[in-house]
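In what follows, chains are A, B, ... by sequence order, proteins preceding strands, each numbered from 1. What you see is a predicted model; the values in this text were computed from it and never measured. The analysis underlying the following values was restricted to heavy atoms, covering all of them including side chains, and did not include hydrogens, waters or symmetry mates.
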Number of protein chains: 2
Amino acid sequence: MKIEELIKQTKFVSPLQKAMLNLIYTYHWHVDQAAELFKPLGITMQQFNVLRILRGKYPEFVPVGDVKAVMLDKNPDLTRLCDRLQEKGWIERETNACNRRQVLLRIAKPGLELLEEMEPLLQQQAKKMDHLSDEEAELLSNLLDKLRG
Amino acid sequence: MKIEELIKQTKFVSPLQKAMLNLIYTYHWHVDQAAELFKPLGITMQQFNVLRILRGKYPEFVPVGDVKAVMLDKNPDLTRLCDRLQEKGWIERETNACNRRQVLLRIAKPGLELLEEMEPLLQQQAKKMDHLSDEEAELLSNLLDKLRG
DNA sequence: TAGAGATATTCGTTTAAACAAATGTTTTTT
DNA sequence: AAAAAACATTTGTTTAAACGAATATCTCTA
């Protein structure tokens with residue numbers, strides 16, 4: 001369904017404004033879908049995002065600041081997000097001996113297992129979203145890059 | 001800057017996953033920008049969104065449910081969002097005499113004036129985002145429509 | 001014309017987001 | 001070497017989001 005119909009608006013200030021409204025709408029559409037998948041597992045999208053980043057570096061430890069730098073949203077409260085991840089046993093946390101200001105993070109075994117479990121669910125969801133060809137998906141990504149300038 | 005560099009990730013499960021990560025990143029990028037503009041005015045994006053919808057119907061009154069239906073995010077707590085808009089004097093609220101379950105909303109004069117004030121600021125921000133041509137913006141919007149299926 | 005069911009919004013409570021200020025640590029300057 | 005500045009993260013507090021349950025009203029059916 002086209003964005004005009006979904007938000008019942010036919011006139012837009014510009015094609016760019018229309019695209020931006022569509023971007024916001026599509027983002028929320030995606031979040032709603034993902035939330036359904038994540039909720040029964042007791043994990044939020046942001047938490048999942050952090051675990052994904054840590055898995056990418058495993059078995060290295062990574063400073064909190066480095067994680068923040070590459071997060072999709074620059075969550076200012078990474079401390080308490082990590083508190084929650086640690087309570088669930090999904091990550092390990094320790095201060096860096098070489099630089100005691102830094103706190104180092106590493107994904108723990110149960111965290112890796114959780115991501116493992118989620119993989120088929122994620123792929124299943126991805127399959128439902130097969131409306132774009134690989135070429136179109138690439139094009140979309142490139143347009144988003146260009147949008148940000 | 002391309003998404004690969006921004007999130008320091010070179011391998012993606014699929015072009016679609018890359019596009020989705022880019023979508024999420026770009027959304028937050030936009031929200032961060034918009035927040036700077038909105039914050040000094042004491043209004044949030046969601047509140048702005050509601051005012052915009054009400055202006056589109058002015059001088060009609062609109063049921064709360066109708067507003068929710070066309071919102072970009074389906075905020076479940078429109079009641080308290082409207083409380084805040086009313087406290088600031090930006091909207092009027094009254095129960096529908098014909099159907100006393102419904103609450104009707106209308107943007108008030110100060111709300112219209114606020115939107116008026118914001119217009120040049122929004123256009124100014126839009127000008128900074130001139131990296132896409134009209135055709136490319138249309139294409140982006142169409143791809144997002146197609147993504148949702 | 002009760003009463004069951006559907007609809008539209010609100011309220012209560014728990015939890016997390018936002019923001020500013022503070023803490024502890026390292027580096028740089030004088 | 002002491003003081004100032006910069007850095008990395010944490011903490012405190014206010015505010016809003018999330019979610020389910022509740023209220024109030026209307027509609028339809030028996």
Working to the nearest 0.5 angstrom, can you tell me the gap between [X] [atom1] and [Y] [atom2]?
| X | Y | atom1 | atom2 | answer |
| --- | --- | --- | --- | --- |
| B:Ile107 | B:Ile53 | CD1 | CD1 | 11.0 Å |
| A:Ile43 | A:Lys88 | CD1 | NZ | 8.0 Å |
| B:Trp29 | A:Asp73 | CH2 | CG | 16.0 Å |
| B:Asp66 | B:Leu105 | CG | CG | 9.5 Å |
| A:Met20 | B:Ser141 | CE | OG | 11.0 Å |
| A:Lys2 | B:Lys146 | NZ | NZ | 11.0 Å |

With respect to the phosphate group of C:dA17, does any side-chain polar atom (N or O) of A:Arg84 fall under 4.0 Å of OP1 or OP2?
yes
Could you say whether A:Thr44 or A:Ala97 is positioned toward the 5' end of DNA chain C, judged by the nucleotide with the nearest heavy atom to each?
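It is A:Thr44, whose closest nucleotide lies nearer the 5' terminus.
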Give the dot-bracket line for DNA chain C from 5' end to 3' end: parentheses for intra-strand Watson-Crick or G-U pairs under 3.5 Å, square brackets for crossings, | for inter-strand pairing, dots for unpaired.
||||||||||||||||||||||||||||||
Hey, which sits more toward the 5' end of DNA chain D by its nearest nucleotide, A:Lys39 or A:Thr79?
A:Thr79
With a 4.0 Å cut-off on N to O distance, would you call A:Lys18 and A:Glu4 a salt bridge?
yes
Under a 4.0 Å threshold between the charged nitrogen and the carboxylate oxygen, would A:Glu119 count as salt-bridged to A:Arg55?
yes
To the side chain of B:Arg80, which of D:dG12, C:dT9, D:dC19 is closest?
D:dC19
Counting only heavy atoms and a strict 4.0 angstrom limit, can you tell me which residues of residues 45-68 of chain A come near DNA chain D?
A:Pro63, A:Val64, A:Gly65
Ring geometry between A:Tyr27 and B:His28 (parallel below 30°, tilted from 30 to 60°, perpendicular above 60°)
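Answer is perpendicular, since the angle exceeds 60°.
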Atom pairs under 3.5 Å, N or O on each side, protein against nucleotides 3-6 of chain D: can you list them with distances?
none

